[in-house]
Amino acid sequence: MRIILLGEPGAGKGTYSAELVKKYKIPQISTGDMLRAAVKAGTPLGKQAQEFMKKGELVPDSLVIELIRERIKEGDASKGFILDGFPRTLPQAQSLEKMLQSMNIRLSGVLKIEVAKAILLKRLTGRRVCKGCGATYNIDTMKPQKDGVCDKCGKELIQRPDDKPETIENRLTVYQKDTAPLIEFYENKGLLKRVQCEGEYDEVMARIFSALEKTAKV
Ligand code: AMP
């Protein structure tokens, strides 16, 4: 299965991807995670990406397209993958299409995660991530056992710099301008499936699995 999770920042793409990884045994490919790792490691890519990320702007297409081109060729992605946070612009989507064509593979489907803006804002401002292992929590809905400490590795939980209120608004504006046009792009290809992702977590996951079973050739 090769799927894209499309949705605003804070829609839950990372959280839902983790469940899909468990169920379908295919990797989650998150350009955001890859870029954050590059920033942490201080690589040339990380240094270039950092300034854009801090402001909530998109990193230039050429950089993320190259990241994905290399990543989807890796062995663990041969049976499928979940793209989380890529593509985010029309040129990225068009490049992906060409990459997949050249590898003789197709996308199974694109899930559009639908969440009201008030909920997005709550999820983004409440999100905390572990400095050590990257696990994600939420101070309202997914609390760690001990405040500020990761359940999994015991390291400190912090707020992502781009989850600060002043940056969040910009990320949502950038989404509307650059990423929202992908909805029509994939709708026109008959690949888009909208999934309402508000409510109880287990019910949301059931809706996501059911949408995938219906649209994607697992
Ligand atoms: P995310 O974790 O997906 O919210 O991504 C965090 C940040 O990484 C974004 O705000 C962008 O600055 C950058 N980023 C992640 N994916 C992409 C992408 N596909 N294109 C451009 N920038 C990206």
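Counting starts at 1 for both ligands and their atoms, following the listed order.
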Those residues with a heavy-atom separation under 4.0 Å from ligand 1 are Thr31, Gly32, Leu35, Arg36, Met53, Glu57, Leu58, Val59, Val64, Gly85, Phe86, Arg88, Gln92, Arg160, Asp162, Arg171
So side-chain hydrogen bond (donor to acceptor under 3.5 Å, both in side chains) across residues 7-20, not counting sequence neighbours, yields Glu19-Tyr201
Sequence neighbours excluded and cut-off under 3.5 Å, please list the side-chain donor-acceptor pairs for residues 181-190, or say none.
from, atom 1, to, atom 2, distance (Å)
Glu187, OE2, Arg194, NH2, 3.1
Asn188, ND2, Glu184, O, 3.3
Lys189, NZ, Glu97, OE2, 2.7

Result for side chain to side chain contact (heavy atoms under 4.5 Å, CB included) between Arg127 and one of Ile139, Asp140, Thr136 points to Thr136
For residues 55-64, the side-chain hydrogen bond (donor to acceptor under 3.5 Å, both in side chains) pairs (sequence neighbours left out) are Glu57-Asn170, Asp61-Thr89, Asp61-Gln92
### Task
Could you tell me whether Arg128 and Asp163 make a salt bridge, using a distance below 4.0 angstrom between a side-chain N and a carboxylate O?
no
| request: Decide, yes or no, whether a salt bridge links Glu169 with Lys117 under the criterion of side-chain N to carboxylate O below 4.0 Å. | output: yes
